[in-house]
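Here is how names work: the chains are called A, B, and so on, in the same order as the sequence lines, proteins then strands, and each is numbered from 1. The structure presented is a predicted model; accordingly, all values stated were derived computationally and were not measured.
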Amino acid sequence: MRKIPAPSVNPENKPFFDAAGNGKLLLKFCNSCKRFHHYPRSLCPHCFSDKTEWREAKGTGTVYTYSVLKAVQDPYCIAYVTLEEGVTVLSNIVDCDFDRLNVGMKVKAVFKPSEGGAPVPMFAPA
Amino acid sequence: MTIKGKAYIVGAFEHPTRKAPDKSVAQLHAEMAKGALEDAGLARKDVDGYFCAGDAPGLGPMSMLDYMGLKVRYMESTDTGGSSYQVHVSHAAQAIAQGKCNVALVTLAGRPRSEGHRGTAPRVWNPNMPDAPFEEPYGLVTTNSYAMAARRHIHEYGTTSEQLAWVKVAASHHAQYNPNAMLKDVVTVKDVLASPMISDPLHRMDCCVVTDGGGAVILARPEVAKSLKRPKVKLIGAAEAFKGQAGGDINLTYTAAVVSGPRAFEEAGVTPADIDVALIYDSFTITVLILLEDLGFCRKGEGGKFVADGNLISGSGKLPFNTDGGGLCNNHPGNRGGMTKIIEAVRQLRDEAHPKVQVKDCKLALAQGSGGQLGTRHVQSTLILERE
């Protein structure tokens, strides 16, 4: 199993990784333009309002695209997953036979420990 | 203010090395500068503008200005990765047009091959990058970033691995005539598909080479260009554009070249059909396929059909591309392939490419730079050059 590098937590993104430690996937929602965004910012990338708040995502989505990096000791699958909330997030597909992967497959959030750092959200077949 | 006709590329030099364990990076930059000056027939003292990107060691342009003993009145160190050099050419033309300098030098050099870089390892630029915590844990590297763009293109448009392979096949046909190319063997579609899978759907031969070396170009105002003996290569259009993850509104089927391309063509007053040779950033086969669509050489989704059956091979195909062998076979110095696209465009327009790949009566060339990653954030920069 590939060692998962710890995310560099900073004051702006800390709530996201704290929540991941409690098995919750957070997204930022803008109360001004009413849109979600990811990765999370204090200022909305869509309308630049500072009226953003954390909201818990349902944690379900579909695979937009993926690739299995094979030329390494422990192959792994990177993917963009489109969440039900409408945003597409970069992640890994885990707990899945690589032969089963396909664009459009339904996935759900799982949380995996990183090397000496915060757990990170990933996705497994739903 | 347009840059059309305001500056000429008067010097171009590609270092013959592809592996330089016995040279320093600063030394390589200086060798690039010297080579381009000799090509132009200019002296170091003529240079009054200097442009470099993050591959130049030191803080911005400072260490290299000091190392090379340059006395300039204009400098810039915009870094957009592999497209930096297209951006520099564009900005140098703007500076020349505004009277800020007369002769601008742009250098690129690097030693990733000697330093053991690989496209399957993460490249971390800065701990304060806001996106890094949401990418590093997932093992985002160069190859799988582009592979995700390839996968989606295949999904939406039915593009095939065989079609992608044709991009490499065409590059290899050109590289066989380049004595300095890192990979000189002609390969077939079958060879590409049989090469090891790196990050699916991209095979090893879908990926560019990792090489040491670099290059340089020199721009000058028209009066200077006319005083020199070299054939005249005029910049007639230039534009750059950025595309990112847009807050999670991801669409990997197109690039920022949908903006940079039309803007550059508009400034130049020409269309894709007018281009005699296209030098297209080829970090991966998919990069070329998507950029050809975005630049308007074919319709969106039809890149696979366009590149197939040797259509990019000089002499037989409709659109000769990367006639030096490109990044896929010849050279991708410092992991930054924009400079070599400009240099081969200049060779073609001067009628100085290898006779086997030289495009007959070559008047218009496009040199496309792509920096960053198609899977996350990138800057596209388009240059259109004309032989006068």
Side-chain angles (χ1 to χ4, degrees), chain A residues 2-10 12-14 16-17 27-28 30 35-41 44-47 63-72 74-83 85-92 98 101-104 112 114-115 117-122, chain B residues 118-122 124-158 195-207 244-253 284 286 373-377:
Chain A
R2 181 181 74 97
K3 286 180 179 173
I4 299 165
S8 41
V9 176
N10 63 39
E12 189 180 19
N13 65 34
K14 190 170 184 296
F16 178 91
F17 293 107
L27 291 174
K28 265 294 183 86
C30 174
R35 289 178 72 183
F36 285 96
H37 71 260
H38 186 82
Y39 59 91
R41 285 100 150 151
C44 173
H46 301 303
C47 74
V63 173
Y64 170 79
T65 188
Y66 67 93
S67 175
V68 177
L69 185 66
K70 297 193 167 167
V72 290
D74 299 307
Y76 58 94
C77 177
I78 199 158
Y80 273 112
V81 171
T82 304
L83 300 176
E85 288 79 6
V87 288
T88 301
V89 306
L90 187 76
S91 194
N92 289 152
F98 291 153
L101 291 162
N102 62 82
V103 172
K112 298 289 179 183
S114 65
E115 285 290 305
V120 291
M122 293 185 173
Chain B
R118 299 180 75 85
T120 52
V124 178
W125 307 103
N126 178 327
N128 288 323
M129 280 166 60
D131 32 67
F134 301 91
E135 296 175 0
E136 280 177 62
Y138 305 115
L140 180 79
V141 297
T142 310
T143 46
N144 61 11
S145 179
Y146 284 80
M148 286 193 289
R151 170 84 61 201
R152 189 67 195 185
H153 204 276
I154 286 168
H155 175 78
E156 288 203 25
Y157 302 114
S195 66
M197 192 62 86
I198 298 296
S199 193
D200 64 7
L202 298 179
H203 301 80
R204 187 159 201 256
M205 287 193 195
D206 286 300
C207 308
Q245 292 170 311
D249 193 5
I250 302 288
N251 182 339
L252 299 188
T253 60
F284 298 90
I286 186 65
Q373 297 179 347
L374 293 200
T376 54
R377 292 160 295 281

Go through the steps to decide whether A/Y39 and B/Q245 satisfy the test side-chain contact (heavy atoms from CB on, under 4.5 Å), and finish with yes or no. CA-CA 9 Å; A/Y39 59 91; B/Q245 292 170 311; 4.3 Å; yes
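Counting all heavy atoms, side chain and backbone alike, B/P137 lies closest to A/N92 at O-OD1, 4.0 Å. Heavy-atom minimum distance, A/Y80 versus B/I250: CE2-CD1, 3.7 Å. Scanning all heavy atoms of the two residues, the minimum distance from A/Y66 to B/R151 falls at O-NE, 3.1 Å. Between A/Y64 and B/R152, the closest heavy-atom pair is O-NH1, 2.9 Å. For the pair A/Y76 and B/G139, the tightest heavy-atom approach, listed with the atom from each and the gap, is OH-O, 2.6 Å. Considering all non-hydrogen atoms of both residues, A/K70 and B/M197 come closest at CB-O, 3.8 Å.
Rounded to the nearest 0.5 angstrom, B/D249 CG and A/T88 OG1 are separated by 7.0 Å. Rounded to the nearest 0.5 Å, atoms OH (B/Y138) and CZ (A/R2) are 10.0 Å apart. Atom CG of A/L69 is separated from atom OG1 of B/T120 by 6.0 Å, given to the nearest 0.5 angstrom.
For B/A246, the part lying near chain A is the backbone, with the side chain staying farther off; criterion is any non-hydrogen pair under 4.5 Å. Interface residue A/H38: backbone and side-chain heavy atoms are both found under 4.5 Å from chain B. Of the atoms belonging to A/F98, not a single heavy atom falls under 4.5 Å from chain B. Neither the backbone nor the side chain of B/S145 comes within contact range of chain A, judged by heavy atoms closer than 4.5 Å. If you measure heavy-atom distances from A/P121 to chain B, the contacts under 4.5 Å come from both the backbone and the side chain.
Ranked by heavy-atom pairs under 4.5 Å with chain B, the first of A/I4, A/V87, A/V68, A/N13 is A/V68. Between chain B and the options A/N102, A/L27, A/V120, A/N10, the largest number of non-hydrogen pairs under 4.5 Å is found for A/V120. No other option in A/A118, A/S8, A/G104, A/P45 has as many heavy-atom pairs under 4.5 Å with chain B as A/S8. In terms of non-hydrogen atom pairs under 4.5 Å with chain B, the most contact-rich of A/S91, A/G86, A/P7 is A/S91. The greatest number of non-hydrogen atom pairs below 4.5 Å with chain A, out of B/I154, B/N144, B/L140, is found for B/N144. Your options are A/V89, A/L90, A/V72, A/L83, and the one with the most heavy-atom pairs under 4.5 Å with chain B is A/L90.
Judged by distance alone, with hydrogens and angles left aside, the side-chain atoms of A/S67 form a donor-acceptor pair with the main-chain N or O of B/D200 at under 3.5 Å. Listed for the A/T65 side chain is a donor-acceptor partner under 3.5 Å among the backbone atoms of B/M148.
Between A/F16 and B/P133, every side-chain heavy-atom pair lies at or beyond the 4.5 Å cut-off.
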